[in-house]
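Below is one structure, written out as structure tokens; the observations come after it.
The analysis underlying the following values was restricted to heavy atoms, covering all of them including side chains, and did not include hydrogens, waters or symmetry mates. For ligands, and for the atoms within them, numbers begin at 1 and follow the listed sequence.
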Amino acid sequence: MEQRKVMINVRDLNKSFGDLHVLKDVNLEVHERDVVVLIGASGSGKSTLLRCLNFLEYKQSGTITIDGKVVEPENTDLNKVRQEVGMVFQHFNLFPHKTVLENVIEAPLMVKKVPSDQAVQEGRALLKKVGLADKEDVYPSKLSGGQKQRVAIARSLAMKPKIMLFDEPTSALDPELVGEVLATMKDLAREGMTMLVVTHEMGFAREAADTVVYMHDGKIVEKGNPSQIFSQPQNQRTKDFLGTIL
Ligand code: ADP
Ligand code: MG
């Protein structure tokens with residue numbers, strides 16, 4: 001058996017907001033080059049889990065290991081971790097007064113101090129990868145939602161992350177724009193990016209996921225490969241959830 005690195009290892013993770021216990025002893029492994037799709041009803045804790053992995057939220061207990069290193073917020077350079085763990089959100093938050101290329105190269109220039117000609121060269125290559133080579137001088141307001149989200153993906157990739165987290169990246173898009181963003185994500189998966197994706201796009205899960213994880217009420221209740229989860233869900237809650245969306 002091929003031994004692949006565990007890129008994300010979550011052990012007994014608990015997270016509360018005040019009295020609200022949101023993540024309950026969550027255990028999850030994502031191996032290098034794997035695409036894991038996280039599904040579950042609204043409010044089940046999917047975004048909170050992703051935000052804990054990017055340290056936008058801090059856990060109460062449990063262990064988070066990223067690429068072999070246990071990350072404890074108190075004694076870790078979280079900016080460094082956030083460079084390794086890219087995140088794409090439902091809303092793109094591009095800088096409106098910067099061009100597409102300027103958006104993509106901002107963090108490499110400012111955070112990583114990459115020389116400007118190198119940042120531009122890499123930025124252009126990323127825009128080509130997401131199919132927006134001809135838009136580098138355009139401002140975000142001139143782009144469609146799907147194009148903006150592809151810029152957001154390129155911007156995240158510009159930091160050369162080892163892992164990409166996606167939190168419902170197509171949920172805010174008009175239906176006709178969903179496909180182009182999913183296609184970009186599938187390309188990324190094919191190139192071997194390690195990805196953890198929250199989405200309601202079950203077609204994407206079937207096609208691109210190695211593992212589908214179903215979350216209910218802060219707990220992971222079932223995981224398996226897409227055909228197992230979609231054709232033979234074992235847990236009644238998974239069956240009920242899939243019944244509402246498929
Ligand atoms: P999902 O992404 O699966 O819809 P979330 O992780 O966003 O779920 O939310 C899980 C629960 O945590 C919900 O009850 C939500 O209201 C609550 N929650 C999320 N973020 C916060 C916060 N910053 N403060 C208080 N409650 C929160
Ligand atoms: Mg969410």
Checklist entry - Is a side-chain donor or acceptor of Asp210 paired with a backbone partner of Val35 at a separation under 3.5 angstrom? => result yes

Checklist entry - Taking N or O atoms only and a 3.5 Å limit, does Gly45 qualify as a polar contact for ligand 1? => result yes

Checklist entry - Which of the atoms in ligand 1, numbered in the order shown and given with their element, are less than 4.0 Å from a heavy-atom of Leu20? => result 12 (O), 14 (O), 17 (C)

Checklist entry - Does a salt bridge link Lys160 with Glu84, judged by any charged N lying under 4.0 Å from a carboxylate O? => result no

Next on the checklist: Among all protein heavy atoms in this structure, tell me which lies nearest to atom 27 (C) of ligand 1, with the distance rounded to 0.1 Å.
Outcome noted: Phe17 CD1, 3.3 Å

Item to check | Min heavy-atom dist Ala41 to ligand 1 below 4.0 Å | outcome: yes

Checklist outcome for this item: Nearest non-hydrogen protein atom to atom 3 (O) of ligand 1, with distance, is Lys46 NZ, 2.7 Å

Checklist entry - Which atoms from ligand 1 have a heavy atom of Val22 less than 4.0 Å away? => result 10 (C), 11 (C), 12 (O)

Item to check | atom 4 (O) of ligand 1 [closest protein heavy-atom partner, distance rounded to 0.1 Å] | outcome: Gly43 N, 2.7 Å

Next on the checklist: Let's go through His216 and Ser44 carefully: what are the C-alpha distance in whole Å and the side-chain angles of both, what is the deciding distance for side-chain contact (heavy atoms from CB on, under 4.5 Å) to 0.1 Å, and is it a yes or a no?
Outcome noted: CA-CA 5 Å; His216 174 80; Ser44 58; 5.5 Å; no

Checklist entry - Linking I/L/V/M/F/W/Y whenever their side-chain heavy atoms sit closer than 4.5 Å, directly or via other members, would Val197 and Leu53 fall into one cluster? => result no

Item to check | Connected via hydrophobic side-chain network under 4.5 Å: Phe95 and Val114 | outcome: no

Item to check | Arg4/Asp34 ion pair, N-O < 4.0 Å | outcome: yes

Item to check | Verify atom 21 (C) of ligand 1: protein non-hydrogen atom under 4.0 angstrom away | outcome: yes

Checklist entry - Is ligand 1 less than 4.0 angstrom away from at least one heavy atom of Gly40? => result no

Item to check | Electrostatic pair Lys162-Glu32, nearest N-O below 4.0 angstrom | outcome: no

Next on the checklist: When you measure from the side chain of Asn54 to the backbone of Leu56, do you find a donor-acceptor pair of N or O atoms at a distance under 3.5 Å?
Outcome noted: no

Next on the checklist: Could you identify the single nearest non-hydrogen protein atom to atom 7 (O) of ligand 1 and state the distance to 0.1 Å?
Outcome noted: Ser47 CB, 3.7 Å

Item to check | Option set Leu49, Thr48, Val198, criterion heavy-atom distance to atom 5 (P) of ligand 1, minimum | outcome: Thr48

Checklist entry - Which ligand 1 atoms does Ser42 reach within 4.0 Å, using its non-hydrogen atoms? => result 4 (O)

Item to check | Distance-only polar pair, side chains of Thr238 and Glu222, donor-acceptor under 3.5 Å | outcome: yes

Item to check | N, O or S of Gln90 under 2.8 Å from the Mg ion (ligand 2) | outcome: no

